[in-house]
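Remember, predicted model here, so these are calculated numbers, not experimental data. Keep in mind that the numbers below use all heavy atoms, side chains included, and drop hydrogens, waters and symmetry copies. Positions are given from 1, in the same order as the sequence printed here.
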Amino acid sequence: MAITAQFSALFDRSLQAYCEERSLNPTQLSEQQWYQLVAQVAHQAALQFFPKNTPLADTRKVNYLSMEFLVGRLLGNNLQNLGVYQYVVDEVAKYGKTLVDILEQETDPAFGNGGLGRLAACYLDSMASIAQPAVGYGLHYQYGLFKQSFDWAGRQYEEGDAWGRDFFPLQSHRADFRQAVGFAGEVRHITGDKYRWQPAWTIYGEAFDLPVVGYKGVQQPLRLWQGYSETAFDLAKFNDGEYLDSESMVIDASKITKVLYPNDNHQNGKELRLMQQYFHCACSVADILKNHLAKGRTLDQLAEFEVIQLNDTHPAIAIPELIRLLLDQYGYSWEKAWSICSKVFAYTNHTLLPEALEQWDQNLVAKLLPRHLIIIERINLELYQQVKACFSEDELANVWDETAIIANNRVRMANLCVVGSFAVNGVAQIHSDLVISDLFPAYAKLFNGRFHNVTNGITPRRWIRQANPLLSALLDQHIEGDWTQNLELLRQIKPLAENSAFQTAYAEIKQQNKQALAQVIEETLGIQVNQNAIFDVQIKRFHEYKRQHLNLLNIIATYQELKANPDMPFVPRVFIFAGKAAPGYFMAKQIIQAINNVAHVINHDPEMQGKLQVAFLPNYSVSLAEKIIPAADVSEQISLAGKEASGTGNMKLALNGAITLGTLDGANVEIAEFAGEENVVIFGHTVESVRELREKGYVAREYYEQDEVLRKAIDALADGSFAGGNQEIFEPLVYDLLNKDYFCVLADFASYREAQQEVAKRYQNQTAWLKSTILNTARLGSFSSDRSIRDYQTRIWKK
């Protein structure tokens, strides 16, 4: 029986039971009730009718460890992948409901924040879709990062994102998968390589599974751990009057999965973050070993059947955790445990920024994870012997400074990942090259053949099929074969790039998507934007290296130019921002406030109406991205060359027909190569010229003094023009730009302005513009996450 027939029978039974329980008929159900019903049916269908993953001959099961999985709303995606979306559309229509409105009832699960988490979600989708056996391991956050809003002064305001963890209908509580995780305490040497660790306290983890439904593939779990304490209530303390302390263990245990990335600007935050990371890894590694042994296999065979992929450095502590279990629990020798471990782990590096390469205070590790520090020290000692044997005495000191896992009383987690893994990969070709040449050159020599590239990708099921149904329908009409399974089939529309009828259809779709986004902007911000203007989009996490303030300075300069020359020819522009800054990241929050203040002035200036507008949409999420991306005309990818590892927003935007305005950084390089340099707009310094700037001694103030347009823009920030005359508000931002400017915003300003003018010039020739946007869609099929996963299979995960 086909899945649709099975689903139909389940749907009918569930609808009847749901209505009988509530003494209602289907027409009386609210949209929220319909959502709960459809979600429950979809969840049961995934578990009952969709096959689970089965081992493949030439690849291992992947255990994907990530602190983030930014899955977005799942119900619509699952219905698409189950092949029953249209069936549900038709069924709910019988009772006067639309599925689109029902799907709007779902909240975005708060399991992630930015590109790292969205990449992990895309990879789980692809692994399920191409039947790569996998389990995703994350944390079951109650609040996620935070819910973002803006106060009266334009400042970011953070509050808990109570997204409804305990009532999410698409998950299964797996209380039988409980794990115990210890912290602190004492370590005693038993014999040989074996120690006994007696933790001071224990936190327990329970599993919540979200089935990841592949497109015409399989379903496999995203397993999320939630912390709790077995001691629910201390009656003795309560009776003694210690009312708060009587539940302290429960409260302390729950903190560990309360929020994503606790603010670590203070010691308590650092402790909680390290505890959170170890809790994640300890639960996951124990589960991996339990499942492996349950199949009748030995731990000697672990590397033959399992690979643990570390998504950045957050799960690095899993390496000494596996060694600890092999040594202390299963009685292996150090040599045997290390041999197994070093064949199991693979590490994906996502950043070249020194501050983003995690380091932990050695004393903090000793306090919370004393047994693990002993293991890390042993790894470090043996690494030194390898380095000493590989490099000359003259080289040794400098090489050891680079490669040591413990240095200056810090435990360097990226180094631990490289040393403890059999494969290390970057996420775009330029990034992978820089990992070898700039970040880990000594490791590249020491571990020849360990470094690889796997360029990131995105799932077309989510980012075209679901996010842009109008474009999907057009592609279906002109492409033979299922392009959502093979995105390279998009090349079939290349010959249509100059076809006037196809251009017209493509343009009408873009315009309808812009109208939809304009409505979201009006409902959210109360601003009516010009739907015929260029929609210029920068949507991503706020960080100085992503250079949202370069975009801001250009907006200010453009505003000043229009005020001085109100009758000048000008192509209308709507600048659209979305993204969050980490709660403790002062400068990123300054940039957010500056953008909001500039937006307030421009949007309330009658002379700018229909010409220049700025919209900063709060609380960026997957669901909001799905509305913005199909409507974008221009994709701002303006990080300083050599700082963005890859990006995936650039891929989503380009595939949906936005022209990339960017530097030669991350995957922009490959986008320009595949789309054609004439179909993107590239500006700014290259990796090599940035290096030359620094070697010569970069002086930001010289650019300020020599460029009148730049000087006026910065002065407007400094003199209070966008802060009600208050000259102190943006003083830190201005000071940083003029005296530090580590990310060379001022050095790239003139080139960026020229690039913006080039965008306006191209946009005026709509025939040529449409050809470029269509070719971006047609030529970028290689940026599918399915291709990325196949690259992992052949380059890294193969046996």
Side-chain angles (χ1 to χ4, degrees), residues 62-68 116-117 119-120 136-139 181 183 225 256 260-262 264 270-286 288 306-326 337-338 340-362 364-380 382-383 402-407 409-427 435 439-440 443 447 450-451 645 796:
V62 175
N63 302 280
Y64 199 87
L65 271 61
S66 178
M67 292 293 286
E68 294 190 45
L116 183 80
L119 180 73
Y137 285 103
L139 292 180
V181 182
F183 293 94
W225 301 103
I256 209 157
L260 169 67
Y261 301 146
D264 61 356
K270 289 180 173 63
E271 288 190 13
L272 182 57
R273 187 176 284 208
L274 180 57
M275 288 174 62
Q276 189 181 72
Q277 291 184 4
Y278 176 60
F279 173 80
H280 170 227
C281 293
C283 288
S284 302
V285 171
I288 292 165
E306 309 284 343
V307 62
I308 301 176
Q309 188 71 42
L310 304 175
N311 193 30
D312 214 358
T313 56
H314 307 126
I317 202 70
I319 295 171
E321 172 65 4
L322 177 57
I323 294 176
R324 180 187 75 83
L325 292 173
L326 293 174
W338 180 253
I340 294 171
C341 179
S342 60
K343 296 182 181 73
V344 167
F345 287 98
Y347 161 52
T348 300
N349 174 276
H350 286 280
T351 184
L352 300 169
L353 298 176
E355 67 271 22
L357 295 171
E358 280 190 312
Q359 298 184 26
W360 290 107
D361 182 88
Q362 188 173 349
L364 177 60
V365 179
K367 172 185 174 183
L368 292 176
L369 304 171
R371 177 63 179 116
H372 297 76
L373 183 60
I374 293 171
I375 292 169
I376 293 169
E377 289 172 338
R378 174 84 178 261
I379 297 171
N380 197 51
E382 298 205 351
L383 173 66
E402 176 193 329
T403 57
I405 297 171
I406 301 174
N409 203 37
R410 310 287 292 174
V411 180
R412 303 195 286 190
M413 306 308 276
N415 291 31
L416 177 61
C417 287
V418 174
V419 174
S421 299
F422 67 86
V424 178
N425 72 279
V427 290
V435 165
L439 190 61
F440 298 132
Y443 280 139
F447 304 125
R450 185 167 296 187
F451 291 84
I796 295 174

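- A distance of 5.5 Å separates CG in Leu368 from CD in Glu271, rounded to the nearest 0.5 Å.
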Asn63 and Val344: side chain to side chain contact (heavy atoms under 4.5 Å, CB included), yes or no, with the steps?
CA-CA 10 Å; Asn63 302 280; Val344 167; over 6 Å; no
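- Shortest non-hydrogen contact noted between Tyr443 and Ala404 is OH-N, 4.4 Å.
- To the nearest 0.5 Å, atom CD of residue Glu321 and atom CG of residue Leu326 are 10.0 Å apart.
- Side-chain contact check for Asp312 versus Glu68: every heavy-atom pair is 4.5 Å or farther apart.
- Considering every non-hydrogen atom in both Thr313 and Ala356, the closest pair reads OG1-O, 4.5 Å.
- Counting only heavy atoms from C-beta outward, the side chains of Asn415 and Ile406 never approach each other to under 4.5 Å.
- Atoms OG and NZ, from Ser421 and Lys343 in turn, are 13.5 Å apart once rounded to the nearest 0.5 Å.
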Before giving the answer on side chain to side chain contact (heavy atoms under 4.5 Å, CB included), spell out for Arg378 and Ile323 the whole-Å C-alpha distance, their side-chain angles and the decisive distance to 0.1 Å.
CA-CA 11 Å; Arg378 174 84 178 261; Ile323 294 176; over 6 Å; no
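- Side-chain atoms of Ile317 and Trp360, non-hydrogen and from C-beta on, never get closer than 4.5 Å to each other.
- Atom CD1 in Ile256 sits 13.5 Å away from atom CZ in Arg273 (nearest 0.5 Å).
- Exactly one residue among Arg412, Gln277, Arg410 makes a side chain to side chain donor-acceptor pair (under 3.5 Å) with Glu358. That residue is Gln277.
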Pair Val307, Phe422 - check side chain to side chain contact (heavy atoms under 4.5 Å, CB included), show working.
CA-CA 10 Å; Val307 62; Phe422 67 86; 3.8 Å; yes
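- Classification of the Phe183-Tyr278 ring pair by plane angle, with boundaries at 30° and 60°, yields perpendicular.
- Side-chain atoms of Asn311 and Thr348 form no donor-acceptor pair, as typed in the model, at a separation below 3.5 Å.
- Using a 4.5 Å heavy-atom cutoff, the side chains of Asp361 and Lys367 are not in contact.
- Within the 4.5 Å cutoff, no side-chain heavy atoms of Phe440 are placed close to those of Arg450.
- A heavy-atom distance below 4.5 Å is found between the side chains of Trp338 and Ile379.
- Distance alone, capped at 3.5 Å, places no donor-acceptor pair between the His280 side chain and the Ala318 backbone.
- Within the model, atoms CG of Leu139 and OG of Ser284 stand 7.5 Å from one another, a figure rounded to the nearest 0.5 Å.
- In this structure the side chain of Val424 never reaches within 4.5 angstrom of the side chain of Cys417, judged on heavy atoms.
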